Amino acid sequence: MDANGAGYDDGSGSPPMYELRLYLAGHSPKSVRAVENLRRTCEEYLPGRYRIELVDLLENPQLARGDEIIAVPTLVRKLPEPVRKIIGDLSDAEKLLVGLQLRSASGQQ
């Protein structure tokens with residue numbers, strides 16, 4: 001982890017980039033909420049340090065196999081490693097921060 005407890009140091013001394021993939025099912029209310037919640041959290045905690053890829057499984061259901069997606073919406077944090085998955089509309093900010101490893105389960109940053 002870096003000095004702020006967020007993510008992992010890649011040796012460059014700069015904070016890590018977060019590569020996030022959000023699996024959705026069309027434009028359902030739950031999917032729209034998940035996108036909004038994820039973008040808001042990333043802007044607050046990871047400004048300029050994240051990439052979000054949206055994957056609509058109604059259009060490309062075969063893409064669910066690669067990350068073993070069993071429910072939507074599901075967020076997959078590809079980088080920094082290890083890969084982490086968070087299922088749901090991401091409305092629980094605390095659960096999202098812990099899942100992204102931006103905050104410990106005890107609530108510390």
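All values derive from a computational prediction rather than experimental measurement.
The line from CD of Q62 to CD of E59 is 10.5 Å long, rounded to the nearest 0.5 Å. With rounding to the nearest 0.5 angstrom, the NZ atom of K78 is 8.5 Å from the CD atom of E53. From R51, atom CZ reaches atom CZ of R21 across 12.0 Å, with rounding to the nearest 0.5 Å.
Between L57 and I69, the shortest heavy-atom contact is CD1-CG2, 4.0 Å. Summarising the geometry of A25 relative to V72, their closest heavy-atom pair is CB-CG2, 3.6 Å, with the distance given to 0.1 Å. In plain terms, the two heavy atoms of A71 and I87 that are nearest each other are CB-CG2, 4.0 Å. Considering every non-hydrogen atom in both C42 and I52, the closest pair reads SG-CD1, 4.3 Å. Nearest heavy-atom pair, R103 versus Y45, reported as atom, atom and distance to 0.1 Å: NH2-OH, 3.7 Å. Across all their heavy atoms, G48 and M17 have their closest contact at O-SD, 3.9 Å.
With respect to P73, the side-chain contact (heavy atoms from CB on, under 4.5 Å) criterion is satisfied by exactly one of L24, V55, V35: L24.
Residue E68 places its CD atom among 12 or fewer non-hydrogen atoms of other residues, nucleotides or ligands, all under 6.0 Å distant. Around the NZ atom of K95, the shell of radius 6.0 Å holds no more than 12 heavy atoms that belong to other residues, nucleotides or ligands.
Under the 3.5 Å distance criterion, the side-chain polar atoms of T41 are matched with a main-chain donor or acceptor of N37. Here the side chain of R77 pairs a donor or acceptor atom with the backbone of P82 at under 3.5 angstrom. A donor-acceptor pair under 3.5 Å links the side-chain atoms of D92 to the main chain of E94, judged by distance alone. Judged by distance alone, with hydrogens and angles left aside, the side-chain atoms of K85 form a donor-acceptor pair with the main-chain N or O of D67 at under 3.5 Å.
Note on L22: it does not cluster hydrophobically with L63, by side-chain heavy-atom contacts below 4.5 Å among ILVMFWY residues. Under the 4.5 Å side-chain heavy-atom criterion for Ile, Leu, Val, Met, Phe, Trp and Tyr, L90 and L97 are members of the same hydrophobic cluster. Following chains of ILVMFWY side-chain contacts shorter than 4.5 Å, one cannot reach L20 starting from Y23, and the two form parts of different hydrophobic clusters. L96 and Y18 fall within a single hydrophobic cluster, where Ile, Leu, Val, Met, Phe, Trp and Tyr are joined by side-chain heavy atoms under 4.5 Å apart, directly or via other members. Under a hydrophobic clustering in which Ile, Leu, Val, Met, Phe, Trp and Tyr are joined whenever their side-chain heavy atoms come within less than 4.5 Å, directly or via other members, V32 and L75 fall into different clusters.
Through ILVMFWY side-chain contacts below 4.5 Å, L79 is grouped with nothing and stands alone.
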